[in-house]
Protein chains: 2
Amino acid sequence: MNEIFLDQRSCQSCPIRHRAVCSKCEPDELQMLDRIKYYRHYDPGQPVVWAGDEMDFVASVVAGIATLSQTLEDGRTQMVGLLLPSDFLGRPGRVTAPYDVTATSALTLCCFRRKPFEKMLVETPSISQRLLEMTLDELDAARQWMLILGRKTAREKIASLLTIIAQREAALQRRAPTNGSSFELPLTREAMADYLGLTLETVSRQISALKRAGIIELEGKRFVTVPDFAALMDETGDDSDGGLPV
Amino acid sequence: MNEIFLDQRSCQSCPIRHRAVCSKCEPDELQMLDRIKYYRHYDPGQPVVWAGDEMDFVASVVAGIATLSQTLEDGRTQMVGLLLPSDFLGRPGRVTAPYDVTATSALTLCCFRRKPFEKMLVETPSISQRLLEMTLDELDAARQWMLILGRKTAREKIASLLTIIAQREAALQRRAPTNGSSFELPLTREAMADYLGLTLETVSRQISALKRAGIIELEGKRFVTVPDFAALMDETGDDSDGGLPV
DNA sequence: CGTGAAATTGAAGAGCGTCAACGTACGTGG
DNA sequence: CCACGTACGTTGACGCTCTTCAATTTCACG
């Protein structure tokens, strides 16, 4: 575990090439990134860094899922970030990690050594501009999330999370969520609870309630089918015109 | 109200010059910004834009306070941003406002016409780099806020908000909050409730409780004195080592 | 087939929301 | 100058949602 693969995989065939922080780079810029990058793999459940640790790299998520979370002194924890493939991890200019980072599934990171990356960031507008875009997107997502945490009921929270996951899954295949579409929940009930500011028991109860109401169907504990996507959206409490405009 | 002041105030004497999006600009860059900027004033309570409206400018807050908020279809609202002097409003590349923006106090904005600002952003690294820094700071703040919304009790939420305000007030005078320091609450009870995901009644009750416990003292309804800052921090539920490292 | 983590379900109670009444400060007009 | 209106804030009573604690079930994997 935690092996460092020294073979340089080609950026050309990289699955996150078109969305990651390097997506606006020219071939010569990719070549420079290549020199400061290395891959890291993590097993499911494995910590990437603990809050307070020094981090000598920033990274792109290539495959798998990572979570950012914060913990109060008595152990209550809140997830504050959910990193999917192409998302960026770390903050240029910052030495110490402010959050616990955990690999929720098998995780592959494309790591860049921090110091040289910071140097490139200053000299390479195509990187800093893409990072700005991505950070603004994350800020929007965080604000949607704040509305969920602050004002939604348990049922609405669950419906919102299912909607978000369904939309991201669909987006990977470059389409909108359709009736009858299904997906695998990438989170345990406890992780969903930490995402939504609930207990895992409440998460479980509300998922059962949505199943009983016919809003969702379950195969096993993780595989969800949504027979009528509009019906699920209705349960989120959101304004009907829904998401963020561009 | 909503008058447009056509006199170009000098950037040199601007009170937010050292922290705003233009803080890294050279004199010639400031001159270019000067050509696309204009000031706007808003009265307390006045809307700046509604969610869904077109916004033909982005802006820096020069003086006063603005809030960003979202509303569910049944009227529940959650504040998702609190803009103080030097904070940036708007997103380059976005036409439609995703949030309601309201002037909570008398508010002065330094507005930049959107199109030319976007052009400058691409051509002027000192602006895009500063905007990236500021956006990353806001993302950190949003994540702290998510912990408050998701996991803290009503009392901890109030204590956290008071701590945040005290620290910002102190930072304006370039010092840390001290015992006996006092400040004016810039928000109504209702605005505090929208910030914290509570009702205004709960906010009022918890403020009274903190007063009864001797953690804070009140003169009138808005003026707060904190006799022992560590005692207030203890009420936030945060880890003792506290805030975000740099 | 056995074992442990993950998930479900139930019962009881705390915390916060809801509804309602009342208090306080401030400005306006008779 | 005082009555009045309004916005803001406080306090109380009650009930619902979600948490807490506990027992049980399901499922993946050795």
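Labels below follow one simple rule: chain letters A, B, ... track the order of the sequence lines, proteins then strands, and each chain is numbered from 1. Note that this is a predicted model, so its numbers are computed, not measured. FYI, side chains are in, hydrogens and waters are out, and symmetry mates aren't considered; it's all heavy atoms of this structure.
Here the C1' atom of nucleotide C:dG15 and the NZ atom of B:Lys152 are 18 Å apart, to the nearest Å. To the nearest angstrom, P of D:dG12 lies 14 Å from CD of B:Gln206. For the pair A:Met192 CE and C:dA7 P, the interatomic distance rounds to 9 Å; values are reported in whole Å. The CD atom of B:Glu190 sits 12 Å away from the P atom of D:dA7 (whole-angstrom rounding). Atom CD of A:Glu156 and atom P of D:dT17 are 12 Å apart (whole Å). Here the P atom of nucleotide D:dT17 and the CZ atom of B:Arg76 are 12 Å apart, to the nearest Å. The separation between B:Arg155 atom CZ and C:dG15 atom P is 11 Å, rounded to whole Å. Summarising the geometry, the separation between CG on B:Leu210 and P on D:dT10 is reported as 12 Å, rounded to the nearest angstrom.
Aromatic ring pairs are classed by plane angle as parallel below 30°, tilted from 30° to 60° and perpendicular above 60°; the pair A:Tyr38 and A:Phe57 is perpendicular.
A donor and an acceptor atom sit less than 3.5 Å apart, one in the side chain of B:Arg205 and one in the base of D:dG12. Contact annotation: side chain of B:Arg189 to base of C:dT24, donor-acceptor pair absent below 3.5 Å. Between the side chain of A:Glu201 and the base of D:dC21 there is at least one donor-acceptor pair of N/O atoms closer than 3.5 Å.
Salt bridge absent: A:Asp74 and B:Arg151 never bring a charged side-chain N and a carboxylate O closer than 4.0 Å. The existence of a salt bridge linking A:Arg143 and A:Glu138 is excluded, since no basic side-chain nitrogen approaches an acidic carboxylate oxygen closer than 4.0 Å. The pair A:Lys152-A:Asp238 meets the salt-bridge criterion, since a charged nitrogen lies less than 4.0 angstrom from a carboxylate oxygen.
If you check every strand for non-hydrogen atoms under 4.0 Å, A:Ser208 touches sugar and phosphate atoms only. Using a 4.0 Å heavy-atom criterion, one finds that A:Arg222 contacts the sugar-phosphate atoms exclusively. Within the 4.0 angstrom heavy-atom criterion, no nucleotide atom of any strand lies near B:Gly45. Residue contacts for B:Leu198: at a heavy-atom cut-off of 4.0 Å it reaches the sugar-phosphate backbone alone, with no base atom in range. Heavy atoms of A:Thr188 sit under 4.0 angstrom from primed sugar atoms or phosphate atoms, though from no base atom.
Picking from C:dC16, D:dC27, D:dG9 the nucleotide with the shortest atom distance to the side chain of A:Lys221 gives D:dC27. Side chain of B:Ser204, nearest nucleotide from C:dT9, D:dT10, C:dC16: D:dT10.
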- Chi angles and distances behind the side chain to side chain donor-acceptor pair (under 3.5 Å) call for A:Thr77, A:Asp194: CA-CA 6 Å; A:Thr77 83; A:Asp194 286 344; 3.2 Å; yes
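In terms of phosphate contacts, B:Thr202 brings a side-chain nitrogen or oxygen within less than 4.0 Å of OP1 or OP2 of C:dG17.
Remark on DNA chain D: of its neighbouring residues A:Gly220 and A:Thr153, the 5'-side contact belongs to A:Thr153, judged by nearest-heavy-atom nucleotide.
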